[in-house]
Amino acid sequence: MHAHDAPCVSSPVDAPCPDDDHFHEECAVFGVWNAKDAAALTALGLHALQHRGQEAAGIVSYDTQFHSHRGLGLVGDVFNDPRVMATLKGDRAIGHNRYATTGATLLRNVQPLFAEFAFGGLAVAHNGNLTNSETLRKELIRRGCLFQSTMDTEVFVHLIATSLYATVEDRLIDALKRVTGAYSLVVLHKDALMGVRDPMGVRPLVLGRLPGEDGSEGSWVLASETCGLDIIGAEYVRDVEAGELVIIDKKGVRSLRPFGETKPHFCVFEYIYFARPDSVLEGLPVYAVRKQIGRELALESGVDADIVVPVPDSGVPSAMGYAEASGIPFELGIIRNHYVGRTFIEPTDQIRNLGVKMKHSTNRPALDGKRVILVDDSIVRGTTSRKIVDMVRAAGAKEVHMRISSPPTRHSCFYGIDTPERSHLLAAQYDLTKMAELIGVDSLAFISLDGLYRAMGHESREAYRERYCDACFTGDYPIPLIDHDQEFGAGTA
């Protein structure tokens, strides 16, 4: 399995990879059909979805021919030149933000991927991870396919190219039936925009509409999250359902079910961390779920303290809910510097250890002499948690208690989220007491699995566990890990 391009090899708490101590974003996809300045709308949509990937961005548009621009960096850097946008002509476009779950960060690995076929050009953008991509890649190479990238997304392109079916739709369906994994795709050819979710709907995809002017039929939009619709003023229509293929063309919107009946397993971590708090996913407002997780945390693991402090930014809604339920005041005791991107390459241990201070600083007057409850969304390696606890103590905190708005992360994700190998996950190696000692807190508690499900409106995990993928907490992988099991043997995830 090649889901980790450059894994650290040191112990979890001492790992010298400050950016590897969090779940990294996945990717974002966006598509527009029948809209003036479709590429500009796509760039705006990608900007709203920037949190899902900051390494690279790309757009492919179509008028009488396909136009493409891709680049490394943030959306605002890649598409800030009016001359570039002027080349992306047409009333239909798709776009992609990348965070590398497979393949190194090289320009040839930036999506959307575009290829010419017998039926014409086709562009593909993909959020997720195929769990049999290596198996398929080897098979395709044996058949003579030449791969230009190291991405599993290119497997789709070759499967479409080698399919014996006649129409684009049937070739795509043929390809989808060959792959295993978690994915949301947007696909553009000259006559249609298509969107599809894997049979279990692990990764999100929503359908929206821009009302037309002067009686025109309006525009259709596909996006990873509803916040991508909001930025361009599009109305949310519905979620693309698990295992559904949506085809948008001059006749309107059609829906196909190439996989028949499916059992949805939506990624539960979208609610905890990945999605933007103003998005609505599968009918649930992300912000409301995160606040409710905080309330459940307070009920499950309350502790006497003076203030509740979020670890910004993802810990803020849960900390608000915790404060409400506990009656303990909410304070911004840690301030995040929003103008620091990925920590630069640090030449020495001394400078490297300052990395977290570039991103966070303490509000000393709020913390001095206080018993503090820190609320964060997760603990991965524990390195950042330890540094933040040390900072809070250095600011004069009398006690530091940490509360985590997810259950302990004990397993790696193979479905499109870049996580460290299991041997580097703190909760996979140590019990709660040892974790608290390593992080340096007076107490540590995670929300329970049942508490998480209650926050999403369900009685318990057991009653509703088959509705979500929670494999990173439970090891209960709903989609077979074909490449991983062939390489490492079953049971090592």
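The pair K398-D442 does not count as a salt bridge, with every side-chain nitrogen at least 4.0 angstrom from each carboxylate oxygen. Salt bridge present: E225 and R52 bring a charged side-chain N and a carboxylate O closer than 4.0 Å. Salt bridge present: E300 and R454 bring a charged side-chain N and a carboxylate O closer than 4.0 Å. A salt bridge links D470 with R461; the closest basic N to acidic carboxylate O contact falls under 4.0 Å.
Residue pairs satisfying the ring-ring contact (aromatic ring centres under 6.0 Å, His included) criterion with at least one member in residues 279-321, sequence neighbours excluded, are absent.
Side-chain contact check for D152 and S133: no donor-acceptor pair (N or O, by modelled atom type) lies under 3.5 Å. Looking at S412 and E421, their side chains never bring a donor and an acceptor atom within 3.5 Å of each other.
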| task | Check step by step if side chain to side chain donor-acceptor pair (under 3.5 Å) holds for T153 and Q111. | result | CA-CA 9 Å; T153 312; Q111 301 182 46; 3.0 Å; yes

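Judged as a salt bridge (charged side-chain N to carboxylate O under 4.0 Å, His left out), and not counting sequence neighbours, D37 has no contacts. Taking A366 as the reference, N363 meet the side-chain contact (heavy atoms from CB on, under 4.5 Å) condition, with sequence neighbours excluded. Residues that satisfy the side-chain contact (heavy atoms from CB on, under 4.5 Å) test with T226, not counting sequence neighbours, are V206, Y236, S279, V280. Listed by chain and number, the residues in a side-chain contact (heavy atoms from CB on, under 4.5 Å) with N80 amount to none (sequence neighbours excluded). Under the salt bridge (charged side-chain N to carboxylate O under 4.0 Å, His left out) criterion, R257 pairs with E241, not counting sequence neighbours. Judged as a side-chain contact (heavy atoms from CB on, under 4.5 Å), and not counting sequence neighbours, K36 has no contacts. The salt bridge (charged side-chain N to carboxylate O under 4.0 Å, His left out) test applied to D450 returns no partner, not counting sequence neighbours. Considering only residues two or more places apart in sequence or on other chains, Y468 meets the ring-ring contact (aromatic ring centres under 6.0 Å, His included) condition with Y453, H458. Listed by chain and number, the residues in a ring-ring contact (aromatic ring centres under 6.0 Å, His included) with H69 are F79 (sequence neighbours excluded).
Remark: R276 CZ to D313 CG distance equals 12.0 Å, nearest 0.5 Å. Separation of atoms OG (S378) and CZ (F473) is listed at 8.0 Å; rounding is to 0.5 Å. Rounded to the nearest 0.5 Å, atoms CG (D390) and NZ (K387) are 9.5 Å apart. Atom CG of L426 is separated from atom CD1 of I379 by 6.5 Å, given to the nearest 0.5 angstrom. The distance from atom CZ of R290 to atom CE of M456, rounded to the nearest 0.5 Å, is 12.0 Å.
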Please report, to 0.1 Å, the donor-acceptor pairs under 3.5 Å made by any side chain of residues 319-335, with sequence neighbours excluded.
unit_1: Y322; atom_1: OH; unit_2: S301; atom_2: O; d: 3.3
unit_1: E324; atom_1: OE1; unit_2: R295; atom_2: NE; d: 3.3
unit_1: E324; atom_1: OE1; unit_2: R295; atom_2: NH2; d: 3.0
unit_1: E324; atom_1: OE2; unit_2: K291; atom_2: NZ; d: 2.8
unit_1: S326; atom_1: OG; unit_2: Y322; atom_2: O; d: 2.8
unit_1: S326; atom_1: OG; unit_2: A323; atom_2: O; d: 3.4
unit_1: S326; atom_1: OG; unit_2: I328; atom_2: N; d: 3.2

Donor-acceptor pairs under 3.5 Å, side chain of residues 71-78 to any protein atom, not counting sequence neighbours: which ones?
none

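Of the residues listed (V110, N109, V60, I59), the one engaging R70 in a side-chain contact (heavy atoms from CB on, under 4.5 Å) is V110, and it is the only one.
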